[in-house]
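Okay, so here's the structure we're looking at.
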Amino acid sequence: MASFLFARSFRRLQKLTRFSSSSSSSLYLCPSLNSLSSPPIPTPNLNPNLTPNYCNPFRRYYRINPIFEFRRENLKLNWDFRSVAHISTSVRESEEDKGGSRPLKAEVSWIDLYLPKQARPYARLARLDKPIGTWLLAWPCMWSITLATSPGQLPDFKMLTLFGCGALLLRGAGCTINDLLDRDIDIMVERTKLRPIASGLLSPFQGLCFLGFQLLLGLEILLQLDNYSRILGASSLLLVFSYPLMKRFTFWPQAYLGLTFNWGALLGWAAIKGSLEPAIVFPLYISGVFWTLVYDTIYAHQDKEDDLKVGVKSTALRFGDLTKEWITGFGIACISSLTLSGFNAGIGWPYYIFLAAASGQLAWQIWTVDLSSRADCNRKFVSNKWFGAILFSGILFGRLLS
């Protein structure tokens, strides 16, 4: 019996010795299969209780199975602790991204794909990769132009095109002015610290030169209008240049933005009619101001923590936990003003059907927005382009059928 056990133990020891000499997968040797020239990897400190004792063939020994590491670009097999570190780090990073505990990387936009490297900072300065601001500036112009159209007629396509280009240029100029005046604040706000001027990609002088170019192009569009509209349009520059300063002095910069962004409701009507009709145009303009108070208050909730640190003001900070009650009131005032404007204009019944749909879209924003989530606030803010499109469709069909 003793000779049998001795022979069995000797065979097990021989098998283990052959395995150790021929295989590179042992945790205790820990070589890397990636390259023969790889630097040696230090042997980890193992628990002595778990270390195999080769001198005792009757004691159980332990072996670590190789760890597979899958990557999108290739598939490789690592036999050491480096793969463990990589996998655990990746899992932790993905959990942090999902939870929002650290800022997400900027997504690649068409600017990075199609524009020359020298032009990219200027395109980002004008927010060409974020068209929502252009939509929000253009829709009041489109509403007004279409509302001023004669019953049964389509709106002037040339005028719609001119105001669309003007909205793109004026919005870009407004962003440039904002970044020039707020560069000391932007570097302290997480969402804005990578803007071209705040990050140093462009100097203030380069920003001023670009602003002059934008205003020059905007002037070319303004000169296509009549004298009354030229004066009315030029007067909006006072609002454009002063808006970025409002957050330093008042908790109502969103109301001031409403006065600025909805100036097209006055200008569009004047470009078609040559004058203003207060009973129609003023309720339309006021409705736009209330609409802006809704969407920009939601937008301001993205930066409320940073605003508190920096010391700037907003309606998000002013309203606090009562934000939904306030913006509900603004939404009701917006829809009421739109109803009054359409009634005074004698518009057809399709307008009111689309207005009801737009009311539902606005109510959905207010009731479902999570004001503690930056991502959800941004989603609801961007959805306002559909509010503008629904209302434009209502005015268009209401005019065609009136």
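Computed from a predicted model, the values in this text were never measured in an experiment.
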Please check if the side chain of [X] supplies one atom and the backbone of [Y] the other of a donor-acceptor pair under 3.5 Å.
{"X": "Tyr228", "Y": "Lys273", "value": "no"}
{"X": "Thr146", "Y": "Met142", "value": "yes"}
{"X": "Ser144", "Y": "Trp269", "value": "yes"}
{"X": "Gln153", "Y": "Ser150", "value": "no"}
{"X": "Ser373", "Y": "Asp376", "value": "yes"}
{"X": "Lys304", "Y": "Gly320", "value": "no"}
{"X": "Arg399", "Y": "Pro151", "value": "no"}
{"X": "Gln361", "Y": "Ala357", "value": "no"}
{"X": "Arg183", "Y": "Leu180", "value": "yes"}
{"X": "Lys380", "Y": "Tyr295", "value": "no"}

Would you say that [X] contacts [Y] through its side chain, given a criterion of any heavy-atom pair below 4.5 Å between the two side chains?
{"X": "Val369", "Y": "Phe381", "result": "no"}
{"X": "Glu305", "Y": "Leu308", "result": "no"}
{"X": "Tyr243", "Y": "Ile177", "result": "no"}
{"X": "Leu239", "Y": "Phe261", "result": "no"}
{"X": "Leu128", "Y": "Leu168", "result": "yes"}
{"X": "Ser393", "Y": "Ile390", "result": "no"}

Please round to the nearest 0.5 Å and tell me the distance separating atom [atom1] of [X] and atom [atom2] of [Y].
{"X": "Cys175", "Y": "Ile197", "atom1": "SG", "atom2": "CD1", "result": "11.0 Å"}
{"X": "Ile327", "Y": "Ile332", "atom1": "CD1", "atom2": "CD1", "result": "11.5 Å"}
{"X": "Ser287", "Y": "Asn262", "atom1": "OG", "atom2": "CG", "result": "7.0 Å"}
{"X": "Asp112", "Y": "Lys117", "atom1": "CG", "atom2": "NZ", "result": "11.5 Å"}
{"X": "Trp139", "Y": "Phe163", "atom1": "CH2", "atom2": "CZ", "result": "15.0 Å"}
{"X": "Leu396", "Y": "Leu401", "atom1": "CG", "atom2": "CG", "result": "9.0 Å"}

Before giving the answer on ring pair (Phe, Tyr, Trp, His ring centres under 6.0 Å), spell out for Tyr351 and Phe397 the whole-Å C-alpha distance, their side-chain angles and the decisive distance to 0.1 Å. CA-CA 7 Å; Tyr351 170 76; Phe397 286 108; over 10 Å; no
Taking only Lys NZ, Arg NE, NH1 and NH2, and the carboxylate oxygens of Asp or Glu, determine whether [X] and [Y] approach each other closer than 4.0 Å.
{"X": "Arg120", "Y": "Asp129", "result": "no"}
{"X": "Asp179", "Y": "Arg127", "result": "yes"}
{"X": "Asp306", "Y": "Arg374", "result": "yes"}

If you measure only the distance, is there a donor-acceptor pair under 3.5 Å linking the side chains of [X] and [Y]?
{"X": "Asp156", "Y": "Thr149", "value": "no"}
{"X": "Trp135", "Y": "Asn384", "value": "no"}
{"X": "Thr297", "Y": "Gln254", "value": "no"}

How far apart are the closest heavy atoms of [X] and [Y], and which atoms are they?
{"X": "Ala271", "Y": "Leu225", "result": "CB-CD2, 4.2 Å"}
{"X": "Leu194", "Y": "Ser199", "result": "O-OG, 3.7 Å"}
{"X": "Leu137", "Y": "Ala167", "result": "CD2-O, 3.4 Å"}
{"X": "Ile111", "Y": "Ala123", "result": "CD1-CB, 3.6 Å"}
{"X": "Pro121", "Y": "Pro196", "result": "O-CG, 3.3 Å"}
{"X": "Tyr299", "Y": "Asn378", "result": "CE1-OD1, 4.4 Å"}

Walk me through whether Leu371 and Cys377 qualify under side chain to side chain contact (heavy atoms under 4.5 Å, CB included). CA-CA 6 Å; Leu371 296 175; Cys377 286; 4.3 Å; yes
More than 12 non-hydrogen atoms from neighbouring residues, nucleotides or ligands closer than 6.0 Å to [atom1] on [X], yes or no?
{"X": "Trp110", "atom1": "CH2", "answer": "yes"}
{"X": "Asp184", "atom1": "CG", "answer": "yes"}
{"X": "Trp386", "atom1": "CH2", "answer": "no"}

List, one per line, each side-chain donor-acceptor pair under 3.5 Å for residues 200-214, sequence neighbours excluded.
from, atom 1, to, atom 2, distance (Å)
Ser203, OG, Gln206, N, 3.2
Ser203, OG, Gln206, OE1, 3.4
Gln206, OE1, Ser203, N, 2.9
Gln214, OE1, Thr176, OG1, 2.9
Gln214, NE2, Gly172, O, 3.2

Working for side chain to side chain contact (heavy atoms under 4.5 Å, CB included), residues Phe387 and Cys334: CA-CA 12 Å; Phe387 176 89; Cys334 171; 4.2 Å; yes
Let me check something: any side-chain donor-acceptor pairs from residues 231-238 under 3.5 Å, sequence neighbours excluded? List them with distances.
from, atom 1, to, atom 2, distance (Å)
Ser235, OG, Ile231, O, 3.4
Ser235, OG, Leu232, O, 2.5
Ser236, OG, Gly233, O, 2.6

Apply salt bridge (Lys or Arg N to Asp or Glu O under 4.0 Å) to residues Lys193 and Asp186 and explain how you reach the verdict. CA-CA 5 Å; Lys193 64 183 181 182; Asp186 286 345; over 6 Å; no
Let's go through Ser341 and Leu147 carefully: what are the C-alpha distance in whole Å and the side-chain angles of both, what is the deciding distance for side chain to side chain contact (heavy atoms under 4.5 Å, CB included) to 0.1 Å, and is it a yes or a no? CA-CA 9 Å; Ser341 179; Leu147 197 60; 3.7 Å; yes
Does the gap between the ring centers of Trp143 and Phe392 come in under 6.0 Å? no
Side-chain donor-acceptor distances from residues 244-252 under 3.5 Å, at least two apart:
from, atom 1, to, atom 2, distance (Å)
Lys247, NZ, Asp182, OD2, 2.8
Lys247, NZ, Pro244, O, 3.3
Arg248, NH1, Asp182, OD1, 2.9
Arg248, NH1, Pro244, O, 3.1
Arg248, NH2, Leu181, O, 2.9
Arg248, NH2, Asp182, OD1, 3.1
Thr250, OG1, Trp252, N, 3.1

Please test Leu136 against Trp291 for side chain to side chain contact (heavy atoms under 4.5 Å, CB included), starting from the C-alpha separation and ending with a verdict. CA-CA 10 Å; Leu136 297 177; Trp291 178 44; 3.7 Å; yes
